[in-house]
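Quick notes on the structure that follows.
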There are 2 protein chains.
Amino acid sequence: MAGNSRQAGTSVTSRALAILSAFDEQHRTLSLSDIATRADLPLATTHRLLGELHRWGALDRLPSGEYVIGRRIWDIGHLAPTETGLRQVAEPFLHDLYGATLATVHLAVREGTEVVYLDRLRGNQSVPVVSKVGGRLPLHTTGVGKVLLAHAPAEVQDAVLASLTRITPYTITQPGALRRQLRQVLDKGYATTHEEMSLGACSIAVPVHRHDEVVASLGLVVPTLKGSEQRLYGALHVAAQSIGRRL
Amino acid sequence: MAGNSRQAGTSVTSRALAILSAFDEQHRTLSLSDIATRADLPLATTHRLLGELHRWGALDRLPSGEYVIGRRIWDIGHLAPTETGLRQVAEPFLHDLYGATLATVHLAVREGTEVVYLDRLRGNQSVPVVSKVGGRLPLHTTGVGKVLLAHAPAEVQDAVLASLTRITPYTITQPGALRRQLRQVLDKGYATTHEEMSLGACSIAVPVHRHDEVVASLGLVVPTLKGSEQRLYGALHVAAQSIGRRL
DNA sequence: GCACAGCTTCCGTTCAGTGGAAGGTCGGGC
DNA sequence: GCCCGACCTTCCACTGAACGGAAGCTGTGC
């Protein structure tokens, strides 16, 4: 039989990791064939490696035969500094901010030209949001994103402003308009959005500093900022200062 | 040179996973030598595999040369059903519970003879707790643990009751006394603790049902239950019922 | 009952992986 | 400033873990 007509230069480890990479937010449950396709691996190879990942707990197999990310990955994911550093320090402040405002609370960082959500608190009465912990959204359409973009290096700003995707009719897609807003973010110390990411959702966000560096952004999402902008800014600012002092 | 005096029967994938397994709550930052020792691998092998895991993002290397779990693991950990199922459904209820009580809120499941914490909310004024998301604690000393133990199969109860470790002077270590409490948990519908896990911390917890099965426990940690036990039980019960209906 | 899609198993061949040893780097102690 | 020890990095001849096409199996839909 055939076999051993392998792709030269590909390690076993990189194949196993390619299998893990096949999963994303749009693909949380995958069949063996799906994984083989997405990881660009032969079926037999995929089958063998899936068996090993499953035995260790990196993946689980559903009764339907499909695979999902396993508890073991969730477990060791919690050992990442992302989890034990900024998030852990910020956590009680986020909870207090939620308790004080009952608005959706976000803690986010910039990664390249995107926002990554490290934490999110929301109640049943909160404005529906599309953010997810671990998920990514654009920098130009979110409050936390505008804060992070305003404090980003020029080359990041240039890259983002060269490609402003419209998400709602209110999304800012003119580079000039966004640049003016980013300057205002630096002047005022906070950013706002008005239905630019989701209809019915407005937001306000502030930077979290470690020494002089902006390491994260803290934000709130509410139905409207009318009449509450300064109050929310005050609460955010205090929380962000407290977090920054503990870092 | 030597080389190729490999341990027979060990796959590359299992070695890479052994490296990831070297990390735990007590060992979040490890040197190359530490990892080699803990994964039972030769230095050269460890070095090569660490390079691959690092390139993919499963691990990061600190300026000191030590390794930590990388963002990539954190990212895909969020795709686990643990994250997208029970936790996501429960999240707004937990936040509301926190908003209503300002107590530390726990969502936990049983895994073998331990409690695993899926979520935890706490503010700056909350009672200090030792729980961590992704972390484990004993079943017999925590409120959520007693609930999960009361609803566990008999063989799990037997195993736990055969080995009741004392953690504080108030920890229940007599099997008869704990059995009586577990019966009370079933009768009353909730469990309590009084400084059995940590001095200064009392707790109350209820089961979360999916159909007839207890799939999790929801709990609160407070300085004292005096004068508030029924109120807290009411809040927990309503939240747990709501979560159960959404599952 | 048949066709098809997806999964599982096989196994001769081969190259990715092996790890002891040597060399390099760095930090601490004197 | 030097020395030592701990730790990390690199090498490479040899070999067995890994390879994957093909065949077989299973379940589903028509």
Side-chain angles (χ1 to χ4, degrees), chain A residues 1-24 26-70 81, chain B residues 1-24 26-70 81:
Chain A
M1 70 266 306
N4 204 39
S5 46
R6 76 176 79 185
Q7 303 179 25
T10 308
S11 70
V12 177
T13 307
S14 68
R15 289 161 175 241
L17 296 171
I19 286 178
L20 293 180
S21 302
F23 294 86
D24 62 27
Q26 285 72 46
H27 305 87
R28 297 179 148 180
T29 303
L30 291 168
S31 69
L32 191 151
S33 302
D34 287 336
I35 293 170
T37 301
R38 292 173 62 77
D40 194 27
L41 293 171
L43 283 170
T45 303
T46 305
H47 187 262
R48 271 188 302 102
L49 294 175
L50 282 173
E52 288 213 68
L53 291 166
H54 179 257
R55 276 192 290 285
W56 184 79
L59 295 173
D60 283 329
R61 198 165 197 186
L62 302 177
S64 66
E66 290 170 306
Y67 292 86
V68 292
I69 295 292
Chain B
M1 65 267 316
N4 205 40
S5 46
R6 76 178 81 185
Q7 303 178 24
T10 308
S11 70
V12 177
T13 306
S14 69
R15 288 161 177 242
L17 296 172
I19 287 178
L20 294 180
S21 302
F23 295 86
D24 63 26
Q26 287 69 46
H27 305 88
R28 296 177 150 182
T29 303
L30 291 167
S31 69
L32 191 151
S33 302
D34 286 337
I35 294 169
T37 301
R38 292 173 61 79
D40 195 26
L41 293 170
L43 283 170
T45 303
T46 304
H47 187 264
R48 271 186 302 102
L49 294 175
L50 282 173
E52 289 212 68
L53 291 166
H54 179 257
R55 276 192 289 286
W56 183 79
L59 295 173
D60 283 330
R61 195 165 200 188
L62 301 177
S64 64
E66 290 169 304
Y67 292 86
V68 292
I69 295 292

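Treat the numbers as computed from the prediction; the structure is a model and nothing was measured. Scope of the values below: all heavy atoms of this structure, side chains included, with no hydrogens, waters or symmetry mates.
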Could you check which of [options] has an atom nearest any side-chain atom of [X]?
X: B:His47; options: D:dA18, D:dC8, D:dC11; answer: D:dC8
X: B:Pro42; options: C:dG20, D:dC8, C:dA16; answer: C:dG20
X: A:Glu52; options: D:dA18, D:dG20, D:dC8; answer: D:dA18
X: B:Val12; options: C:dT18, D:dT9, D:dC19; answer: C:dT18

Throw together a table of side-chain donor-acceptor distances under 3.5 angstrom for residues 44-52 of chain A, partners on residues two or more places apart or in other chains.
{"unit_1": "A:Thr46", "atom_1": "OG1", "unit_2": "A:Pro42", "atom_2": "O", "d": "2.8"}
{"unit_1": "A:Glu52", "atom_1": "OE1", "unit_2": "B:Ser11", "atom_2": "OG", "d": "2.6"}
{"unit_1": "A:Glu52", "atom_1": "OE2", "unit_2": "B:Ser11", "atom_2": "OG", "d": "3.1"}

| request: Report the C-alpha separation of B:Leu53 and A:Leu17 in whole Å, then their side-chain angles, then the decisive distance to 0.1 Å, and conclude whether the side chain to side chain contact (heavy atoms under 4.5 Å, CB included) test is met. | output: CA-CA 8 Å; B:Leu53 291 166; A:Leu17 296 171; 4.2 Å; yes

Under a 4.0 Å heavy-atom cutoff, the residues of residues 53-68 of chain A touching DNA chain C are A:Arg61

With B:Asp34 as partner, the option from B:Leu30, B:Thr37, B:Leu32 fulfilling side chain to side chain contact (heavy atoms under 4.5 Å, CB included) is B:Leu30

Taking every heavy atom of A:Ala18 against every heavy atom of A:Ala39, the minimum-distance pair comes out as O-CB, 3.8 Å

Could you tell me the separation between the [atom1] atom of [X] and the [atom2] atom of [N], rounded to a whole number of Å?
X: A:Leu41; N: C:dC7; atom1: CG; atom2: C1'; result: 16 Å
X: B:Leu49; N: D:dA17; atom1: CG; atom2: P; result: 15 Å
X: B:Leu50; N: C:dG19; atom1: CG; atom2: P; result: 14 Å
X: B:Leu32; N: D:dT10; atom1: CG; atom2: P; result: 11 Å
X: A:Leu43; N: D:dA22; atom1: CG; atom2: C1'; result: 12 Å

Per nearest nucleotide of DNA chain C, the residue lying toward the 5' end, B:Thr45 or A:Asp34, is A:Asp34

Ranking A:Arg48 and B:Ser33 by the position along DNA chain D of their nearest nucleotide, the one closer to 5' is B:Ser33

query = With respect to the phosphate group of C:dG19, does any side-chain polar atom (N or O) of B:Arg15 fall under 4.0 Å of OP1 or OP2?
reply = yes

Item checked: Test item: B:Trp56 and A:Thr13 side chains (from C-beta on) under 4.5 Å apart, heavy atoms -> no

- Between B:Ile19 and B:Leu59, is any pair of side-chain heavy atoms under 4.5 Å apart? yes

B:Thr29 meets the side-chain contact (heavy atoms from CB on, under 4.5 Å) criterion, sequence neighbours left out, with B:Leu62, B:Glu66, B:Val68

